[in-house]
Enquirer: 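Before I ask anything, here is the structure I am working with.
The analysis underlying the following values was restricted to heavy atoms, covering all of them including side chains, and did not include hydrogens, waters or symmetry mates. Model, not experiment: these values are computed from the prediction. Counting starts at 1 for both ligands and their atoms, following the listed order.
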Amino acid sequence: MTSSPSAIPPRLRLIEIVSAGWISAAVSALAELGVADHLDTPRTAAELAALTDAEPEALSRFLHAAASAGVLTVEEGERFALTDVGRVLRTDSADSMRHMCRLTGREEFARTWGNAAHTARTGLPAFDAAFGRSAWEYMSDPAHTDFSGAFHRAMAESAAGATVNARYDFAEGAHVVDVGGGRGAMLARLLTEHPRLTGTVFDLPNAVRGADKLLADAGVADRAAVAAGSFFDGVPEGGDVYLLSRVIGNWNDEESVRILRGVRAAMRPDSRLVIVGHMPTGEDRTHYVRALDLYMFVLFQARLRSPEQYGALFEQAGLTLSRADLNPDAESLIEARPV
Ligand SMILES: C[S@@+](CC[C@H](N)C(=O)[O-])C[C@H]1O[C@@H](n2cnc3c(N)ncnc32)[C@H](O)[C@@H]1O
C-alpha cells in the first residue's frame, strides 16, 4: 500500500516539529536586528543588511527561514515583505510583539529548555537547574539587569490593557492596585482610558524601576502611585479593584494561595479581584496555551488554570469566583469577591 502523495511522511513531520526552535531563533534574531522596522516597503536582503548593520548573505538565510514560516513573503526581485504576522514584529505596531520575540530568543531560555528533560524526570524547574536559583531571584540580581530589563520591556509591550479596558467596567473614580504590575504599562493604559480612575502599581524593586517614567510619559503620573515590595509580605490597601495580570500562572498552588490571601487581607468587603491571563478554554485554535502552560512549568513549576481551578484556590483564600470572561485567542479575565 502506498501513502497519498500529499501526506507528509512521519519522519519529515517529526523533524519539522523538533526543529521549530530554529525558525523561532531566526525570527528572534530578526526582531533583535529590528528588520521589520525597515519593511514599510519590500526590500532585498542587501538593502536590509545595510539598514541593520548585518551581513547580506547571512541575513538572506534568516529572511528565507522566516518566510517559510509565514512571517514574510518573497516578492519579485527577491524582495522581502511583511505579512500580517510579520507586521506585529514592527516596533511601531499597536500590538507589537518585537520585544517579546527578542526575549524569547535569549540565551537564558535556551539553557532552560535545554534542561527540560530534568523537569520531566523530577518535576523541578529547569531554570533553577540551569542557573542555581529561581528566575525571579536571577532577575533581582544587579548583575542581570540586562535580562530583567529585556523581560520587563517585553511585559510592558504585551500588557493586556486593551483586553481589560474592553472587558471590565470600572466604577467612576475607582482606585486600582495592579499587583505584580511590572513597569506600570497596564495601569497606564487603564488610566488613559478612564480619566477618573486612580491607581497604584506594586511589584518587586527591580520591576518598578522605570515605572515613574512610563507613567509620566503616558501623562497619568498625577493619578498613579508606585510601590515596591513582595506580595508574599502583603500588598497595598485601599484598592477598589485588585488586578493580578499574568501573575498567578507563575506560581504553584501553595504559593498562589499565599499571594491570594495577601491580596484578600488588603481588600475591603466591596473590593474586587480581577485576574487576567491565558486560560485553557477547550476552544484553543493553536498550541500556544499548551506551550505556555509547559513554559510555566519548566520555568517556575507553575501552571495555567481554568476558572474552576482558580475557584478552588479562591476558596482557600476567602474569595469566590464572581465572573469569568474567557477568550481563546488572548488573555481571559475572571473576577472574584470576598466571601
Ligand atoms: C509575567 S510578569 C506580569 C507583569 C504584568 N502584570 C503584566 O501582565 O504585564 C509577573 C510579574 O510578577 C512580579 N513578581 C514576581 N515575584 C513577585 C513578588 N514576590 N512580589 C511582587 N511581584 C512579583 C514580577 O516582577 C513581574 O513583574
Enquirer: Determine the interplanar angle of the Trp251 and Phe232 rings, folded into 0 to 90°, and report it as parallel if under 30°, tilted if 30 to 60°, perpendicular if over 60°.
Expert: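 Ring orientation of Trp251 relative to Phe232: perpendicular.
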Enquirer: Can you pull out the closest protein heavy atom to atom 27 (O) of ligand 1? Residue, atom name and distance to 0.1 Å, please.
Expert: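 Nearest protein contact, heavy atoms only, for atom 27 (O) of ligand 1 is Asp203 OD2, 2.6 Å.
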Enquirer: Distance under 4.0 Å to a non-hydrogen atom of Gly182: what atoms of ligand 1 satisfy this?
Expert: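 Under 4.0 Å from Gly182, ligand 1 has these atoms: 27 (O).
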Enquirer: State whether Arg337 and Asp270 are salt-bridged, where the test is any N-O pair (Lys NZ or Arg NE/NH1/NH2 against Asp/Glu carboxylate O) under 4.0 Å.
Expert: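 No, this pair does not count.
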Enquirer: If you round to the nearest 0.5 Å, how far is CG of Asp233 from CZ of Arg258?
Expert: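 The CZ atom of Arg258 sits 8.5 Å away from the CG atom of Asp233.
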Enquirer: Against ligand 1, does Phe300 come closer than 4.0 Å with any heavy atom?
Expert: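 Phe300: no contact with ligand 1 (<4.0 Å).
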Enquirer: Is the shortest side-chain N to carboxylate O distance from Arg167 to Asp325 below 4.0 Å?
Expert: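 Salt bridge present between Arg167 and Asp325.
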Enquirer: Hey, which atoms in ligand 1 end up nearer than 4.0 Å to a heavy atom of Asn250?
Expert: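 Atoms satisfying the 4.0 Å criterion: 1 (C), 10 (C).
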Enquirer: Answer side chain, backbone, both or neither: which part of Met186 comes under 4.0 Å from ligand 1, heavy atoms only.
Expert: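 Looking at Met186 and ligand 1, no heavy atom falls under 4.0 Å.
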Enquirer: Counting distance only, does the side-chain N/O of Arg246 pair as donor-acceptor with the main-chain N or O of Ala160 below 3.5 Å?
Expert: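 Such a contact is absent between Arg246 side chain and Ala160 backbone.
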Enquirer: Could you tell me whether Arg133 and Asp141 make a salt bridge, using a distance below 4.0 angstrom between a side-chain N and a carboxylate O?
Expert: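 The answer is yes: the pair qualifies as a salt bridge.
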Enquirer: Does ligand 1 come near enough to Gly180 that some N or O of the ligand is less than 3.5 Å from an N or O of the residue?
Expert: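 In this structure, Gly180 places an N or O atom under 3.5 Å from an N or O of ligand 1.
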Enquirer: Where is the nearest protein heavy atom to atom 21 (C) of ligand 1: which residue, which atom, and how far?
Expert: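 Nearest neighbour among protein heavy atoms for atom 21 (C) of ligand 1, to 0.1 Å: Phe231 CD2, 3.2 Å.
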Enquirer: Using the ring pair (Phe, Tyr, Trp, His ring centres under 6.0 Å) rule, pick out the option among Phe147, Phe127, Phe131, Phe151 that qualifies with Phe109.
Expert: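 Testing Phe109 for a ring pair (Phe, Tyr, Trp, His ring centres under 6.0 Å) against Phe147, Phe127, Phe131, Phe151 leaves exactly one candidate, Phe147.
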Enquirer: Just which atoms of ligand 1 are under 4.0 Å from any heavy atom in Phe232?
Expert: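 Matching atoms, with element in brackets: 19 (N).
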Enquirer: Suppose I only count heavy atoms of Gly229 and a 4.0 Å limit; which atoms of ligand 1 are within that range?
Expert: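 The atoms of ligand 1 under 4.0 Å from a heavy atom of Gly229 are 20 (N), 21 (C).
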Enquirer: Between Glu157 and Met100, is there a donor-acceptor pair closer than 3.5 Å when you use the side chain of the first and the backbone of the second?
Expert: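 Yes.
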Enquirer: From the options Glu331, Arg246, His152, select the one whose nearest heavy atom is closest to atom 2 (S) of ligand 1.
Expert: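 The option holding the nearest heavy atom is Arg246.
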Enquirer: Taking only heavy atoms of Ser245 into account, list the atoms of ligand 1 that are under 4.0 Å away from them.
Expert: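 The list of qualifying atoms is 3 (C), 5 (C), 6 (N), 7 (C), 8 (O).
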Enquirer: Quick one: does Asp178 get an N or O within less than 3.5 Å of an N or O on ligand 1?
Expert: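 No; every N/O pair is 3.5 Å or more apart.
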Enquirer: Please report whether ligand 1 has a polar contact with Ala156, defined as an N or O pair separated by less than 3.5 Å (distance criterion only).
Expert: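 In this structure, Ala156 places no N or O atom under 3.5 Å from an N or O of ligand 1.
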Enquirer: Purely on distance, is any nitrogen or oxygen of Ser230 under 3.5 Å from one on ligand 1?
Expert: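 Min N/O separation from ligand 1 is below 3.5 Å for Ser230.
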Enquirer: Distance under 4.0 Å to a non-hydrogen atom of Ala207: what atoms of ligand 1 satisfy this?
Expert: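 That gives atoms 25 (O) of ligand 1.
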Enquirer: Testing the 3.5 Å rule here: is there a donor-acceptor pair between the side chains of Glu335 and Ser322?
Expert: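 Short answer, yes.
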Enquirer: What are the two closest non-hydrogen atoms of Leu244 and Leu273, and how far apart are they?
Expert: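 In terms of heavy atoms, the two residues are closest at CD1-CD1, 3.9 Å.
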Enquirer: Where's the contact between Trp136 and ligand 1, heavy-atom distance under 4.0 Å: side chain, backbone, both or neither?
Expert: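 It is the side chain that touches ligand 1; the backbone stays farther off.
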